[in-house]
Amino acid sequence: MRINQQYLNHDTFTDIVTFDNSEEEMIITGDIFISVPRTQENAEKFKVSTIDELHRVLIHGALHLLGYKDKRPADKKNDRKRRLLFG
């Protein structure tokens, strides 16, 4: 939650935070921060293995680094479809 507060001004828990640090086209550089306790909670909640949930959030972070957004409802729907394709 500290990363959310410090960099995103959010007071909520999240499973992943991604920062795109790319400076050149066609070169992807970034940081992905994963909350292991949150992924474990989500795995239990969604009745999937912890490793499957970890894979899901890694794919989610990679999609952000590729430029995909998920703030709007339509973006979230498309993000879920892309994760199904890659997951």
Side-chain angles (χ1 to χ4, degrees):
M1 186 153 96
R2 289 182 301 218
I3 291 172
N4 271 350
Q5 290 173 327
Q6 184 175 354
Y7 295 101
L8 305 175
N9 295 319
H10 296 168
D11 282 331
T12 58
F13 291 104
T14 188
D15 50 10
I16 189 167
V17 175
T18 307
F19 295 100
D20 183 354
N21 300 322
S22 300
E23 295 181 5
E24 296 180 41
E25 230 177 278
M26 304 301 292
I27 297 177
I28 299 169
T29 306
D31 296 300
I32 297 176
F33 295 88
I34 297 173
S35 169
V36 174
R38 181 56 102 187
T39 57
Q40 290 170 331
E41 289 172 13
N42 286 344
E44 289 177 24
K45 178 180 175 181
F46 298 118
K47 298 181 180 10
V48 299
S49 70
T50 303
I51 195 73
D52 282 349
E53 182 62 11
L54 181 59
H55 288 156
R56 184 192 68 79
V57 296
L58 281 169
I59 291 167
H60 184 95
L63 288 170
H64 277 303
L65 292 177
L66 292 172
Y68 293 101
K69 308 293 182 213
D70 65 358
K71 294 293 180 199
R72 300 175 309 157
D75 294 334
K76 288 182 182 187
K77 184 177 179 181
N78 288 331
D79 182 62
R80 284 189 200 97
K81 288 179 185 176
R82 281 188 290 275
R83 279 189 272 139
L84 287 173
L85 288 173
F86 293 107

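Everything quoted here is computed from the prediction, not taken from an experiment.
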For residues [X] and [Y]: do they belong to one hydrophobic cluster (side chain heavy atoms under 4.5 Å, members Ile, Leu, Val, Met, Phe, Trp, Tyr)?
{"X": "Val48", "Y": "Ile16", "answer": "no"}
{"X": "Phe46", "Y": "Ile51", "answer": "no"}
{"X": "Ile34", "Y": "Leu66", "answer": "yes"}
{"X": "Val57", "Y": "Tyr68", "answer": "yes"}

Sequence neighbours excluded, which residues qualify as side-chain contact (heavy atoms from CB on, under 4.5 Å) partners of Ala62?
-> none
Approximate separation, where rounding is to 0.5 Å, of Thr14 OG1 and Asn42 CG = 8.5 Å
Taking salt bridge (charged side-chain N to carboxylate O under 4.0 Å, His left out) as the test, write out the residues that go with Glu41, two or more places apart.
-> Arg38
Given the rule in the side chain to side chain contact (heavy atoms under 4.5 Å, CB included) test, do Thr50 and Glu53 qualify, once you have shown the distances and angles that lead to the verdict?
-> CA-CA 5 Å; Thr50 303; Glu53 182 62 11; 5.7 Å; no
Quick one: side chain to side chain donor-acceptor pair (under 3.5 Å) partners of Thr18, sequence neighbours excluded?
-> none
List the steps and the verdict of side chain to side chain contact (heavy atoms under 4.5 Å, CB included) for Leu65 and Ile32.
-> CA-CA 9 Å; Leu65 292 177; Ile32 297 176; 4.0 Å; yes
Residue pairs passing the salt bridge (charged side-chain N to carboxylate O under 4.0 Å, His left out) test where at least one lies in residues 14-34, sequence neighbours excluded | Asp15-Arg56
